[in-house]
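Both counts, for ligands and for their atoms, begin at 1 and track the order of listing.
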Amino acid sequence: MKHHKIVFIGSGNITSAIVSGIVENGYPSQKITVCAPSEGHRGVLAKKWGVISSADNAAAIRQGDVIIFSVKPQKIRELCQDLCDAKIDFSNKLILSVVTGISISRFCELLNTKLNLIRMMPNTPVRVHEGMTALFAAEEVNEADRHFTTELMCSVGKVCWLKNEADINKVIAVSASAPAYFFLFMEAIEREALLLGFSQERARLLVQQTARGVCALVEKSSALSLSELRQQVTSKGGTTEAAIEFFNKKQLFTIVSSAMKAAIAQAEFLEKNTF
Ligand SMILES: NC(=O)C1=CN([C@@H]2O[C@H](COP(=O)(O)OP(=O)(O)OC[C@H]3O[C@@H](n4cnc5c(N)ncnc54)[C@H](OP(=O)(O)O)[C@@H]3O)[C@@H](O)[C@H]2O)C=CC1
Ligand SMILES: O=C(O)[C@@H]1CCC=N1
């Protein structure tokens with residue numbers, strides 16, 4: 001992979017996960033700059049990974065080849081206004097954005113220029129090189145930039161390219177927000193294990209190793225559907241059946257469906273209303 005100078009605008013959770021993942025995989029830390037108004041998050045990244053840290057977005061962007069926007073959508077308008085005031089020339093830069101709810105056309109409008117922009121929707125497991133990242137590019141983005149972005153995110157997990165920008169909001173519900181659903185489910189099992197009298201350490205191990213085993217089994221069993229794998233655990237008249245029946249009675253599928261629709265609706269709300 002080419003080692004372009006990468007500048008992250010925003011140094012929070014997802015930046016931290018991507019930086020950790022790519023540096024651990026050999027991306028040179030001195031080719032990475034992380035920006036944020038306060039020292040807190042970016043200082044931690046500079047100390048831990050040896051990346052450059054800056055409070056000056058405009059100066060950092062000017063010397064960068066690849067600019068990754070990674071701030072909350074509510075911050076983007078003010079940020080773009082500042083960058084417009086600084087009269088930055090974006091023409092020879094690859095712009096990557098993980099920002100929810102900001103379309104390519106909206107970004108160009110806010111920065112008052114055409115942008116060579118790829119939207120990325122990663123998830124936090126990029127931190128451990130097990131991420132899932134969806135990508136969507138504006139038509140004019142060239143092959144070399146698409147290739148670089150694919151390689152960068154493949155170094156920290158799997159990548160898929162989307163044909164429609166609208167699918168970014170769907171991907172948020174399916175894979176970008178989804179780690180939190182799994183954590184919530186694990187939290188619920190862990191809490192019950194604690195109530196059953198297991199120590200914190202034991203409860204965590206039981207939940208963690210089960211989740212790890214489940215993922216490994218799913219990966220190794222591509223010929224079986226998820227439903228078939230579930231049935232292999234579920235003996236007729238057995239314990240699992242009792243638990244699954246309860247989930248079904250409480251309409252788990254409907255709950256999950258409504259939760260994912262709520263995530264998509266929020267992405268659409270941010271798209272239409274925050275700015
Ligand atoms: N977290 C996730 O799993 C995922 C998040 N995303 C998207 O990524 C984006 C960032 O999310 P996340 O990392 O969780 O958010 P965080 O709140 O953790 O981080 C936001 C970062 O933006 C910085 N910031 C705020 N204003 C500015 C500014 N004007 N210039 C530069 N930096 C600024 C903050 O600075 P400071 O450190 O000083 O507070 C902070 O470092 C969001 O749009 C989110 O939707 C996408 C996929 C997954
Ligand atoms: O919660 C959020 O808005 C972001 C987008 C996907 C994951 N976290």
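In summary, the side chains of S227 and Q231 do present a donor paired with an acceptor at a separation below 3.5 Å, with no hydrogens or angles considered. Using a 3.5 Å distance cut-off with no hydrogens or angles, the side chains of N116 and D145 do pair a donor with an acceptor. Counting only N and O atoms by type, the side chains of S54 and T33 include no donor and acceptor under 3.5 Å apart.
Taking atom 3 (O) of ligand 2 as the reference point, the nearest protein heavy-atom neighbour is T100 OG1, 4.4 Å. Nearest protein heavy-atom neighbour of atom 7 (C) of ligand 2: A176 O, 3.6 Å. Of all protein heavy atoms, the one closest to atom 1 (O) of ligand 2 is S177 OG, 4.5 Å.
Taking the six-membered ring where the residue is Trp, F90 and F69 present tilted rings, their angle falling between 30° and 60°. Relative orientation of the F247 and F185 rings is tilted, given thresholds of 30° and 60° on the angle between their planes.
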May I have a table of the N/O to N/O pairs between ligand 1 and the protein that fall below 3.5 Å, each row giving the two atom names and the distance to 0.1 Å?
{"unit_1": "ligand 1", "atom_1": "13 (O)", "unit_2": "N13", "atom_2": "N", "d": "3.1"}
{"unit_1": "ligand 1", "atom_1": "13 (O)", "unit_2": "I14", "atom_2": "N", "d": "3.0"}
{"unit_1": "ligand 1", "atom_1": "14 (O)", "unit_2": "K72", "atom_2": "NZ", "d": "3.4"}
{"unit_1": "ligand 1", "atom_1": "15 (O)", "unit_2": "K72", "atom_2": "NZ", "d": "3.3"}
{"unit_1": "ligand 1", "atom_1": "18 (O)", "unit_2": "N13", "atom_2": "N", "d": "2.9"}
{"unit_1": "ligand 1", "atom_1": "18 (O)", "unit_2": "N13", "atom_2": "ND2", "d": "3.1"}
{"unit_1": "ligand 1", "atom_1": "30 (N)", "unit_2": "N57", "atom_2": "ND2", "d": "3.0"}
{"unit_1": "ligand 1", "atom_1": "37 (O)", "unit_2": "H41", "atom_2": "ND1", "d": "2.7"}
{"unit_1": "ligand 1", "atom_1": "38 (O)", "unit_2": "S38", "atom_2": "N", "d": "3.0"}
{"unit_1": "ligand 1", "atom_1": "38 (O)", "unit_2": "S38", "atom_2": "OG", "d": "2.5"}
{"unit_1": "ligand 1", "atom_1": "41 (O)", "unit_2": "S11", "atom_2": "N", "d": "2.9"}
{"unit_1": "ligand 1", "atom_1": "41 (O)", "unit_2": "G12", "atom_2": "N", "d": "3.2"}
{"unit_1": "ligand 1", "atom_1": "43 (O)", "unit_2": "V71", "atom_2": "O", "d": "2.7"}
{"unit_1": "ligand 1", "atom_1": "43 (O)", "unit_2": "T100", "atom_2": "N", "d": "3.4"}
{"unit_1": "ligand 1", "atom_1": "45 (O)", "unit_2": "T100", "atom_2": "OG1", "d": "2.5"}

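Salt bridge annotation for R42-E39: present, with a cationic side-chain nitrogen under 4.0 angstrom from a carboxylate oxygen.
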Exercise answer: donor-acceptor pairs, residues 187-194 side-chain atoms, under 3.5 Å, sequence neighbours excluded:
{"unit_1": "E190", "atom_1": "OE2", "unit_2": "Q200", "atom_2": "NE2", "d": "3.0"}

